[in-house]
Amino acid sequence: MKAFRFIRKISGRLFHRVFFTYSTIIFLTMAILFVFLSEYYSDFIVQREIDKHEAVINEIKSDLQEKHQFVYQGIRHLYLEKSLIEDLAFALQHDYQEYIGYRLDKFSNSDSFVPYNFDIYVKNYFSRDPTVVVLEITNESLGTEYVYLYNHGRWYDSSLYKDRRSNPSENRKEQSDFYIVREQINDPISLDRLGTVSVYFTYDNIERILSLRGETIQGRFLITDEEMNVHYSYGAQAEEILDELDYSAVQKEVKLNETYFIQSVIEPTSNLMITAIIPRNELAPLFTYKLTILSIILFLTFIAIALPYFSLRGYSKRVDQIVLKMREVQEGDLNTRIDKATGNDDLGVIAETFNETLDELNRYINEVYFSKLKQKEAELANLQAQINPHFLYNTLEAIRMKSLAEGGKTTAEMIVQLSQLFRHSLKTAELVSIEDEWNHAHQYIELFKNRFPGQLSSDFKIKESVRHKDVPPFILQPLIENFLIHGFKQHSNENELQITIYDKGNALFIEIVDNGKGIKKDELMNIKSRLRNGEGSSNSIGLANVNQRIQLKYGNDFGVEIDSNPDVKTVVTVRLPLISEVRLHDKSNVS
């Protein structure tokens, strides 16, 4: 419980919350960065080693292909020189004594003093490759065999030579000391098989390729046949991995006691498979890279946390002081002040603003509050003395009845119209029907006509489908009043006012057209600007009031527009949303 309370106490302080959140983000970011970099560099190092081994495999493959090409070119040259292939064919089809007699007869009939036969050609051609150890030309059916030694020491020390001496039978076991390339010899005329040429190469070139890369190449290299017999091996490797190899060109990862990366290629001429086996634990840079990355990230994490800690610690103390002073103010001490910190930072601005606010508050209390209180008391008394609108409405009704009783019919009608206007003003609904709004405007116009008889004609046109739509109250009357105050020509009997209400799309339009005095161009531009900016005007209070009410309620897509041609026509257009309200259920529907 104590630990829990301690955690709650710490978490209640802004400094600890910010520092804990920041530290958590830093730790998570650095951990993700470490995992990403570790995996990235691990894959990079593994791929780099695989690429190295692939390059070595391709070099070994090229070396084996060059040996085959070398033997093929030598045999091909035999076929190109008729005397050489005839000489070789006779040697393979007869014993050595008969072949010697054949060579002597051929030399005696030749015009040249220099003997030239397949024996001399073979010795000269294949001696050009220092890795050739032995060349054998055999006719298996007759048992004829010619052997040419190019490297006696390597041949006599080889396991192949020792096996042949101890087991001279036909079923001799060939060891893997040499890389053997065989080519078949056919009769150039009958195409019958004459024999086989077998060339034994050392693996010196492959040894040289691998030894030159010995410091950078890890693992083991194998050359195997289709039965997975090992012809050549380089490097030490656990034998268990050999069971996982099969005759195919692959690049895969094998997990036994440890992880191995295996890459193999099949050389198409000899059908031998060249395989590179890389143990993951021999990739020493992996651990070094991971340790280096971890050390760098830990160092950066420490720096990233330590620097903000010491920086935020000073801010935390100043924030604690501000909180303490605010609590003192909350308890009613308006004379407390925050010590101004050195430096013009945000907390310094807050402290200065806090102190200035308290000074202003004290001044306001001492100088303004009490005078405002007295003013409110006076206004309240004034309001209490005003005539109640209901009392005024009832009084007007009593005056009307008295005037009607005394024969003042016109006066009674005006009182009725005025009382109807007061009755409409007492409504507090947010929306009224267009019909109610029209009745209110009609009463106002009729009252004005009674005041100026014969000087004003009016025309209302309401589309039947919008008669029961709803609008905010007191939309028409202020706009009509605006015309009657500013546009009405008192010395003319041709004042006309036309009001049209219709719908278009999803909007309701109220159009008020008069032939009054109109508005001058400069004044009209000023009124339009104020309407666009939602501002009032001393010359168009009704327009501004209606426009502001509509835009505050429905947005800037709706409102009042005005256009005027002095002494000709003034048009006021009101755009409203098309609204139907069912008042009985207190629901609204926007068409």
Side-chain angles (χ1 to χ4, degrees), residues 45-70 129-134 151 153-155 157-163 173-181 199-286:
I45 292 171
V46 169
Q47 188 59 47
R48 186 178 64 181
E49 290 298 320
I50 290 176
D51 292 342
K52 288 181 182 178
H53 285 72
E54 182 180 7
V56 174
I57 288 175
N58 289 331
E59 289 186 44
I60 295 173
K61 180 180 175 182
S62 298
D63 182 71
L64 298 182
Q65 290 175 342
E66 287 175 2
K67 287 180 170 53
H68 281 272
Q69 187 66 21
F70 177 71
D129 190 336
T131 62
V132 177
V133 177
V134 176
N151 192 329
R154 294 289 291 270
W155 174 250
D157 291 337
S158 67
S159 58
L160 178 61
Y161 171 73
K162 294 176 183 177
D163 179 65
K173 180 182 178 182
E174 294 187 351
Q175 303 296 325
S176 60
D177 300 272
F178 307 111
Y179 177 68
I180 305 173
V181 178
V199 183
Y200 295 77
F201 295 89
T202 66
Y203 289 101
D204 290 350
N205 284 348
I206 297 177
E207 291 281 350
R208 188 177 303 108
I209 291 171
L210 295 173
S211 61
L212 291 176
R213 295 174 173 261
E215 296 181 358
T216 58
I217 292 297
Q218 308 291 335
R220 183 178 184 184
F221 288 85
L222 298 174
I223 297 178
T224 55
D225 56 23
E226 297 181 25
E227 286 75 28
M228 299 308 295
N229 297 316
V230 179
H231 288 244
Y232 174 77
S233 175
Y234 178 87
Q237 188 67 51
E239 296 298 325
E240 61 182 5
I241 193 63
L242 299 179
D243 297 332
E244 301 296 327
L245 300 179
D246 54 3
Y247 185 76
S248 61
V250 296
Q251 182 175 334
K252 62 181 180 178
E253 180 179 343
V254 177
K255 294 184 178 180
L256 300 174
N257 294 333
E258 58 179 294
T259 302
Y260 297 90
F261 299 100
I262 299 176
Q263 189 174 15
S264 59
V265 173
I266 296 176
E267 198 280 308
T269 307
S270 62
N271 289 327
L272 294 179
M273 183 174 72
I274 307 168
T275 305
I277 304 172
I278 315 168
R280 187 181 180 90
N281 62 358
E282 291 188 12
L283 300 179
L286 276 179

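Positions are given from 1, in the same order as the sequence printed here.
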To the nearest 0.5 Å, what is the distance between OH on Tyr179 and CD1 on Ile206?
8.0 Å

For a 4.5 angstrom cut-off between non-hydrogen side-chain atoms, does Val265 reach Ile60?
no

Residue list, salt bridge (Lys or Arg N to Asp or Glu O under 4.0 Å) with Glu267, at least two apart or on another chain
none

Results of side-chain hydrogen bond (donor to acceptor under 3.5 Å, both in side chains) for Ser233 - residues two or more places apart only:
Arg220

Measuring only between side-chain heavy atoms, which start at C-beta, is Leu222 closer than 4.5 Å to Ile277?
yes

To the nearest 0.5 Å, what is the distance between CG on Leu210 and OH on Tyr234?
5.5 Å

Would you call Phe70 and Val132 a side-chain contact if the rule is heavy atoms closer than 4.5 Å?
yes

Could I get the full list of side chain to side chain contact (heavy atoms under 4.5 Å, CB included) partners for Gln263, not counting sequence neighbours?
Ile50, His53, Glu54, Ile57, Gln251

Nearest heavy atoms of Ser248 and Ser264, plus distance in Å
O-OG, 2.7 Å

Only counting residues at least two apart or in another chain, list the ones meeting side-chain hydrogen bond (donor to acceptor under 3.5 Å, both in side chains) with Asp225.
Asn229, His231

ring-ring contact (aromatic ring centres under 6.0 Å, His included) with Phe201: which residues, sequence neighbours excluded?
none

Smallest separation among heavy atoms of Ala276 and Phe221, with atom names
CB-CE2, 3.6 Å

Is the shortest side-chain heavy-atom distance between Ile262 and Leu245 below 4.5 Å?
yes

Going by side-chain hydrogen bond (donor to acceptor under 3.5 Å, both in side chains), name the residues that satisfy it together with Asn271, two or more places apart in sequence or in a different chain.
none

Please name all residues satisfying side-chain hydrogen bond (donor to acceptor under 3.5 Å, both in side chains) with Thr131, sequence neighbours left out, ordered by chain then number.
Asp129

One should read off an interatomic distance between Ile209 CD1 and Glu59 CD, to the nearest 0.5 angstrom, of 5.0 Å

If every non-hydrogen atom of Asp246 is compared with every non-hydrogen atom of Met228, which pair is closest and at what distance?
C-SD, 4.0 Å

Please, which pairs that meet salt bridge (charged side-chain N to carboxylate O under 4.0 Å, His left out) have at least one residue in residues 201-212, sequence neighbours excluded?
Arg154-Asp204

Residue set satisfying salt bridge (Lys or Arg N to Asp or Glu O under 4.0 Å) with Asp63, at least two apart, ordered chain then number -> Lys67

